[in-house]
Amino acid sequence: MGLSLAMLPHQGNFNKQDLAEGGIEVAFEPKDSQNAINYAESRIYTDAELKNYTEEELKNYKVKHAIPDLEELEKGPWPSFVSDAKQGALHRKKLADDRMLIDRDVIEDMLGQLQVSFDEGETHWKHGGIVGVFGYGGGVIGRYSDLPEKYPSIAHFHTVRVAQPSSKFYDSNFLRTMCDMWEYRGSGLMNLHGSTGDMVLLGTTTEQLEPIFFELTHKMQVDIGGSGSNLRTPECCIGKARCEWSCYDTQALCYELTQYYQDELHRPAFPYKFKFKFDGCPIGCVASIARSDMSFIGTWRDDIRIDQEAVKAYIAGEVVPAGGGHTGRDWGKFDIKKEVLDLCPTKCMWMENGELKIDNAECNRCMHCICVMPKALRPGLDTGVTILCGAKAPILEGAQMATLIVPFMKAEPPYDNIKEFIEKVWEWWMEEGKNRERLGELMQRSTLPTFLEVLELPAMPQYVKEPRSNPYILWKEEDVPGGWDRDIKEYRARHKR
Amino acid sequence: MEELQKVIVEFAETSKKTKFYFKDIEKAVQKVLPDAKMRDIKKACTALINDGTLIYFSTGSSTMYGLKGRGMTEDPE
């Protein structure tokens, strides 16, 4: 269903015209109008119910199962999920019976079972199943305890993924409403956020899934996310909302592709999971290069903009380098040679007659110089995206970074060029990919030249990582002027297969 | 569409396995109907899901299809 991801805070009925009248410029318009969510009206619990225990009670609170190893985890310097879970457990213990729809002891049983797993060195969760909401193939992940007699409250402990708004712009009305709903219909435990970027609601029963889906979609106007062999919930960096370096509108592209590929998000037909992520610039705040099958990284194809006066101001010590990022210690006077020129990976920068020069053709967009002198240097103005494919980060068999495929492509609405590229990739992967084979694995198995042929892209020398190590290019006769004569039978007579 | 759905259901009823990857269904359909397009097969599967004939089975990381009533098609209690 084509529900809008909440691109804007849930504070009113937003549309482009209303916002423009309020003096706010937006680059896109949500596909559906956004309803106001007012926590005062949508709340389930009273303040007294939400703060229904004292610090003293929490300090003296003992979970009904012995959890010595988990309590050990609370002693470190970091915030502990065990402490959070205990708060949740005590809170549930003190709520009235009719104020929650799943078992009161769900958190305590979860902790108890985790302690058993620590003792025995193996998990007691069973994963997967047929749970889900009607018509959707993803978004709900079945989880069951294999010790249901000992821990009956967590016999069912399903996970629901909730699609995050682009760049995770929430407002407190939305978050509070979500928390109340989840305490009422689920365990109250959640991850903000999971690796894919979704808000992850942990632990509910099968009967609660459809009501939760209704609350999310009809009342909170948020969709459930991707799981299984689906397009997973796309994720983007903060983009132009707050970052001057963003080379394209990451939120708009993320939103557009989320809406456009609803079927791929909810009705699985891929060989395995598939992830898009959108970074506005090569800094890569969502690490799309390492975490997504198709990574979109903002870039520019003209020259880095230089303000020579600001460069001089940095050299003279009038402007703090790195936007004040290293002010915790005295690093001495700013040295442009040591801190910028010598650290340029392609050595494409130098000083000449007091001016900073850049050989832009050699720049590989590491952005170090821009980060150190943000007032003096800025990305160019002819901007777009670099597209990389094939990253994965599985627990088994090792992580793989993405391979650059398209060095530059414009990224402007309606993004038809990007959609055309995506669909070529999907068509090939769906045709050739084996069950449970990620795009990066298929690219490796069938070679980069094959992938480029499918995409109808010419090979470039830059694809060669190390000559003679992975040259990638296997010449075909039609690629070589004049071709060649070869008698394969004569060759095989001398070289056995 | 109806023909595709019929072939999919026949495959789901007669296969030794009770859960199938989409690719298994695609291959089985194309054996009977060689010109069947992947997108159309997906649409037929979606229609069968919507009318309750097929069900999704998800491990969390990958998704399979099954025939309702065959194999494990209810929540384990």
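Chain A is the first sequence line, chain B the second, and so forth, proteins listed ahead of strands; every chain is numbered from 1. Values below: every heavy atom of this structure, side chains too, minus hydrogens, waters and symmetry copies.
Proximity of Thr59(B) to Ile141(A): side-chain heavy atoms (C-beta onward) are nowhere separated by under 4.5 Å. By the 4.5 Å heavy-atom criterion applied to side chains, Arg436(A) and Ser61(B) are counted as neighbours.
Within 6.0 Å of CD in Glu122(A) there are more than 12 heavy atoms belonging to other residues, nucleotides or ligands. Within 6.0 Å of atom CD in Glu149(A), 12 or fewer heavy atoms from other residues, nucleotides or ligands are found, so the atom counts as exposed in its surroundings. The 12-atom threshold is not exceeded at CD of Glu2(B), counting heavy atoms of other residues, nucleotides or ligands nearer than 6.0 Å. By the neighbour-count criterion of 12 heavy atoms within 6.0 Å, atom CZ of Arg445(A) is densely surrounded, having more than that number from other residues, nucleotides or ligands. Counting non-hydrogen atoms of other residues, nucleotides and ligands closer than 6.0 Å to NZ of Lys424(A) gives a total above 12. The environment of CD in Glu423(A) is crowded: more than 12 heavy-atom neighbours from other residues, nucleotides or ligands sit within 6.0 Å. Residue-environment remark: CD (Glu210(A)) exceeds the threshold of 12 foreign heavy atoms within 6.0 Å.
The residue among Thr159(A), Asp263(A), Asn230(A) with the most heavy atom pairs within less than 4.5 Å of chain B is Asp263(A). With chain B as the partner, the residue from Gly433(A), Ser229(A), Gly139(A), Pro271(A) showing the most heavy-atom pairs under 4.5 Å is Ser229(A).
When all heavy atoms are compared, the tightest approach of Asn50(B) to Phe134(A) is O-CZ, 3.0 Å. Between Gly228(A) and Ser58(B), the closest heavy-atom pair is CA-OG, 4.2 Å. Scanning both residues, Glu432(A) and Lys23(B), for their nearest heavy atoms gives N-NZ, 4.3 Å. Counting all heavy atoms, side chain and backbone alike, Arg267(A) lies closest to Thr46(B) at CD-CG2, 3.2 Å. Residues Thr63(B) and Ser227(A) come closest through the heavy atom pair OG1-O, 4.3 Å. Considering every non-hydrogen atom in both Met430(A) and Met38(B), the closest pair reads CE-SD, 3.2 Å.
Only the side chain of Arg232(A) has a heavy atom closer than 4.5 Å to any heavy atom of chain B.
Here the OH atom belonging to Tyr56(B) is positioned 10.5 Å from the NE2 atom belonging to His266(A), to the nearest 0.5 angstrom. Interatomic distance, Lys68(B) NZ to Ile130(A) CD1, rounded to the nearest 0.5 Å: 6.0 Å.
A salt bridge does not link Glu431(A) with Lys37(B): every distance from a Lys NZ or Arg NE/NH1/NH2 to an Asp or Glu carboxylate oxygen is 4.0 Å or more.
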